[in-house]
Student: 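Can you keep this structure in mind? I'll have questions shortly.
As the structure lists them, so they are numbered: ligands from 1, and atoms in each ligand from 1. Predicted model, so just to flag it, every value in this text is computed and none were measured.
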Amino acid sequence: MSIRQIDETRVTSLIVSHFAEDFLADLRLDVAVVGAGPSGITTARLLAAEGHKVAVFERSLHVGGGMWGGGMLFPRIVVQEEGIFLLEDVGVTVKSAGDGYYVADSVECVIKCAAAALDAGARIWVGMSVEDVMIDEDDRVRGVVLNWGAVEQAQWHVDPLAVRAKLVIDATGHECDVARTIERKIPGARFDTDTGEAIGERSMNATVAEGHIVELTKEVYPGLIVAGMAASAVAGAPRMGAIFGGMFLSGQKAAQLAAEMLAQE
Ligand code: 48F
């Protein structure tokens, strides 16, 4: 039945009440994923598919992180053989280019990876920035502290809201923003890296970067797993550019680790 006369206040009420209902349902999560780039949405999909309660918080108004733009705005990504199953699982067409290189359309990758995460039961909140973490008396991470991305950009002083999570995954890309926040705000915080610090990424070396990304995907601080470029950045590993297999495989490893840790709770 089509609506004959639209009540604008009904539209308002539906939007606000449904937002409130869904957001309230996410106040206590198994896993809070920070950042909706390729690693974060892959992690969220795999955890949600196993029945875990997972939400992704993304500061910008769109999902996909650095994947939309492919390499230097040419909207294609290159993937190595080991990572293609994570794209094919969500219906992305991946073309072989020989010698172990595969190519995919970056727009198709973003749309299908994000759709599959939603279909699996993950919730993705856009426009919400994680500005801090919640900690317990032992300084273990216990959740995320949120503000609107627009408030962050405007640099307004608005107090944030908090969401509890058994585990937090820093999938914020090159910035490793959650780890940086911990470094800044928890005196004496030590990370599981060579120096104990969040080191920051190094200049490009795709072979080394892709070779280590899965191994660097780990719990680097109690309650905090790093995934994707954030894992490279925290460890002081090189960047890899527009080759993405490691991002998907890192997302898978983060999901596996989180599931194992949740099973021990
Ligand atoms: O950068 P991004 O795509 O991270 P990724 O999953 O993938 C990296 C690749 O895109 C590429 C690469 C491939 O080899 O090097 O760069 O590691 O996505 C990170 C997302 O996190 C968001 C940010 O807007 C982006 O969409 N983000 C960053 N900081 C925050 C955040 C924050 N504090 N709160 C919420 N979202």
Student: Could a heavy atom of Arg239 be found less than 4.0 Å from some atom of ligand 1?
Tutor: no

Student: For His174, is the nearest heavy atom under 4.0 Å from an atom of ligand 1?
Tutor: yes

Student: What part of Asp177 sits under 4.0 Å from ligand 1 if we count only heavy atoms: the side chain, the backbone, both or neither?
Tutor: side chain

Student: Angle class for the Trp148/Phe19 ring planes (parallel below 30°, perpendicular above 60°, tilted otherwise)?
Tutor: tilted

Student: Scan Val226, Asp132, Thr172, Val220 and name whichever one has a side chain to side chain contact (heavy atoms under 4.5 Å, CB included) with Val178.
Tutor: Thr172

Student: Looking at ligand 1, does any of its N/O atoms fall within less than 3.5 Å of an N/O of Arg59?
Tutor: yes

Student: Students often mix this up, so state it plainly: with edges at 30° and 60°, are the rings of Trp68 and His62 parallel, tilted or perpendicular?
Tutor: perpendicular

Student: What do we get for Glu58 next to ligand 1 when only non-hydrogen atoms under 4.0 Å count, side chain, backbone, both or neither?
Tutor: both

Student: Less than 4.0 Å is my threshold; does some heavy atom of Glu131 fall inside it relative to ligand 1?
Tutor: no

Student: Is the closest heavy atom of Gly241 to ligand 1 under 4.0 Å?
Tutor: yes

Student: Check each of Ala171, Gly65, Ala242 against atom 19 (C) of ligand 1 and report the one with the nearest heavy atom.
Tutor: Ala171

Student: Return the OG1 to NZ distance between Thr42 and Lys253, rounded to the nearest 0.5 Å.
Tutor: 15.0 Å

Student: Is it true that the side chains of Ser232 and Glu201 contain a donor and an acceptor less than 3.5 Å apart?
Tutor: no

